[in-house]
Structure formats: C-alpha cells, structure tokens
Participant: 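Okay, handing you the structure first.
In what follows, chains carry the letters A, B, and so on, assigned in the order in which the sequence lines appear, proteins first and then strands, with residues in each chain numbered from 1.
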Number of protein chains: 2
Amino acid sequence: MAIKQQTSRKAAGTGAAIRRPQTRAANDRTLGDAGDDIGLDALVGHAGYVVRRFQLWIFQDFVKTLATVDIRPTQYSVMTVIGANPGLSQMAVAKRLGIERARLVHLLDSLEERAFVSRIPSATDRRSHALHLTGRGKTALAQFKRLAAEHERHVADKIGKENREQLLRILACFT
Amino acid sequence: MAIKQQTSRKAAGTGAAIRRPQTRAANDRTLGDAGDDIGLDALVGHAGYVVRRFQLWIFQDFVKTLATVDIRPTQYSVMTVIGANPGLSQMAVAKRLGIERARLVHLLDSLEERAFVSRIPSATDRRSHALHLTGRGKTALAQFKRLAAEHERHVADKIGKENREQLLRILACFT
DNA sequence: GAAAGATTGTTGTTGACGACAACAATTGAT
DNA sequence: ATCAATTGTTGTCGTCAACAACAATCTTTC
C-alpha cells in the first residue's frame, strides 16, 4: 500500500515493456490499493492521448514559469505575434493563431487593461484596429520571452533536447 | 498603408515556408527584442504552441471520425482503460488517465446511461465502485477501436507514418 | 475500541477555451 | 444605390481543468 507515490517519472525505461497485450492475469485488484501499475494497453499508441497529456504538462509548466508576470500561453502568443508584426488587425491575429476573433476580443481587452497592447484605429479601414505593443508592452514582452525560454528549457529537460527539436520539426506543419 | 499589406500577406497561410530559423533580415519591426533569436514568426520554436495546434487538430479529427458513434476522446480513453483493467475504482481510473475524479463522475454517468459501463459496488470497500464494461460496452468498444485506428491513420497521413511513431516514442514518458 | 485522519465518490463553482450565432458599422462589388 | 462580404463585438453553449466542500467509509493511532 506504499504505492501511494504518484507517477514517479519512470523515465528510465522509456520505450520498453509496453508489449503485453493480454497479461491481465493479475486482474482481481480489489480496489483497495489504487495501484499505479495499470496497463494502458490499447491507449499506448494513440497519438491524441499522449499529446493531450503532454500539452497539459507543458501548459502547466508555462503558467507556472510565467506566474510571476501573470501571463498565460494564449496571451503570450498574442503579444508575440503583435510584437513581431505591428499593425496587424484583430482578424489577422486571430487567423494567424487559430483562435476565434470573438475570443481575441477579451484577450486584447485584458492586455489593453494592463497597457501591454493598444488598439489604434486603422486609417485605411475604419472597421479594424491596428494592434501595437506599447512601450511598456515591449519591455514586458522581452521579459516574457526570457521566461518562456526558461520554460522551453524545462521542456528540453523533460523530453530531451534533440527530442524537442524533433518534435518541433515533426509538428512544424501546424505552425 | 503598409499595415494592410502585412495583414494580407500573413493572414492566409496555415502551413508552408517554415524553414528559416534565423533569416530574419527582412524584418523591419521596431521592437528591440531580448537578444533571443526569435525569427519573423516568433512562435516557431515554442513547443507549447505547436503542440496546442496539433492537439486541436487531432481532437477534431477524432471527434469527426467517431461522430457516428458519438464518442469523444476522453470517453474513449475511459472505456479503454476499464476494458483493459476491469474492476478498477474511479479513483484509479482518474489517476491513471490524469483526469479529476470529479470530472470522471459525469463521464461515467454518461457512459452508464448508454449502458457501456457499470458501477458495481465493491465488496471490499463500500466507498468505491468496481468499474466494468457491459456486454454492450465491450462490443461497442471494439467498434470504437476500429474507428480510432482509422483516426490514427489520419494522423499518420497528416504528419507521416514514421513521424507519428517518433512522436509516440518521444512522448512515451507521458503515458 | 474510540477518536483522529485519510480516502472515495459526489456536488458545486470558477475560469480558460473552442465553437457558433447574431449584430452594427463599414467596405467592396455590382 | 443596392447587395454581399468583412470587422469588431456581444452573447450563448458545451468541454475541460482546477478547487473546495461534503457524507460515507476505511485506516491509523492511542
């Protein structure tokens, strides 16, 4: 019953010992133990499951690493895109990041409240706003990027430096 | 104005032309960045962003592929774990899948309504339930697995067969 | 054996998030 | 001038993770 220890990073045997399709002889786990040696069996080999777990971990680490500045991943991505492409419209930013323009409204509201970005009325199109970082936003983003780089190092520590780069290469088509 | 050109230039593309890590010469942004080598699209190189986009795509494809049986990824994972390890408690399933036990309650409610799983009172612990698949649940899960395999082929078609396997290998520590 | 503490299932709330629908203002096309 | 499309905005709905609290039930400790 000392199995209370949560999933303690069995990173040693990474790929091994997954091959046991019907080894459910030890089936009468009488519920008292809540054992952690539960075979995922069929779930291993599903990309969606492992990606979900990874995304959860990576977001939590991002939020934790940038907790001091109170910036969440989506906010960071918005500021990054605006910083790299000043003057973009909300529609362009939303399309670029794959988020709804309806959602971007609140995102920008919060960022504008904190004086990180500003919606400047476009001169050519009175419907749209040209998004810019404020001076405060630029210096803030610089700090965010340093923290984000630290978070990225956490990722590298977790899955390995070259594995991280492989991952970025594999999923580059979703950028 | 140059703003509109920037928007129209970048808005459309969702893929293509990512291979320029440090070719940021043509970037006329006035933002003095933090010395970090973040290129034109600073989000390239962030694992969290690309994983989020990928997870979104993969979940949508899963839901679409299993739309005829009305099963979502989380429901599928729950049924898979129960099917592979009959008699687990809710706590054990929740811990194994990394979901809150509070959330699992509603998950199991819906699955029990459809007569896929059943909560059998544990004989040894009157607090907990032993989770089992019903006969209907077993045959249903077999069909779900076939559809999930089809979804997995979609993933392979999207990112490449060997890339998918690499991905599973890299992220195996999150299983 | 009884009190204290921990666990299990449950209910509820909060907030982030994606999807969708509608709307006013504005722009572009016919 | 008229009609369709776009942009920002507001709103709702459903999913999901994270917490907090609770009653019932073990488990531990004295």
Participant: Rounding to an integer number of Å, can you tell me how far Leu104(B) CG sits from dT15(D) P?
Facilitator: 15 Å
Participant: What is the separation between atom NE2 on His106(B) and atom P on dA18(D), rounded to the nearest whole Å?
Facilitator: 15 Å
Participant: Cut-off 3.5 Å, no hydrogens considered: what does the side-chain donor-acceptor table look like for residues 61-69 of chain A, sequence neighbours left out?
Facilitator:
residue	atom	partner	partner atom	Å
Asp61(A)	OD1	His154(A)	ND1	3.1
Asp61(A)	OD2	Thr65(A)	OG1	3.2
Asp61(A)	OD2	His151(A)	ND1	2.7
Asp61(A)	OD2	His154(A)	ND1	3.0
Thr65(A)	OG1	Asp61(A)	O	2.6
Thr65(A)	OG1	His154(A)	ND1	3.4

Participant: Please report the distance, rounded to the nearest Å, between NZ in Lys95(B) and C1' in dA6(C).
Facilitator: 12 Å
Participant: Using only heavy-atom distances, determine whether the side chains of Arg53(B) and Tyr49(B) contain a donor-acceptor pair under 3.5 Å.
Facilitator: yes
Participant: Only counting residues at least two apart or in another chain, list the ones meeting salt bridge (Lys or Arg N to Asp or Glu O under 4.0 Å) with Glu112(A).
Facilitator: Arg119(A)
Participant: Going 5' to 3' through nucleotides 17-30 of chain C, assign each nucleotide B (protein heavy atom under 4.0 Å from a base atom), S (under 4.0 Å only from sugar-phosphate atoms) or - (no protein heavy atom that close).
Facilitator: SSBB-B--BBS---
Participant: Measure the distance from CG on Leu108(B) to P on dG9(C) and round it to the nearest whole Å.
Facilitator: 9 Å
Participant: Expressed as a whole number of angstroms, how long is the span from Ile58(A):CD1 to dA17(D):C1'?
Facilitator: 17 Å
Participant: Any donor-acceptor pair under 3.5 Å linking the side-chain atoms of His46(B) with those of Glu152(A)?
Facilitator: no
Participant: Between Met91(A) (CE) and dT6(D) (C1'), how many Å, whole number?
Facilitator: 8 Å
Participant: Compute both the distance and the angle, then confirm whether Lys158(B) meets the cation-pi test with Phe54(B): under 6.0 Å from the six-membered ring centre, within 45 degrees of the axis.
Facilitator: no
Participant: Taking atom C1' of dC16(D) as reference, at what distance in whole Å does atom CD of Gln55(B) sit?
Facilitator: 10 Å
Participant: Please state how far atom CH2 in Trp57(A) lies from atom P in dA17(D), giving the value in whole angstrom units.
Facilitator: 18 Å
Participant: Do Leu167(A) and Leu56(A) share a hydrophobic cluster (ILVMFWY, side-chain heavy atoms under 4.5 Å, transitive)?
Facilitator: no
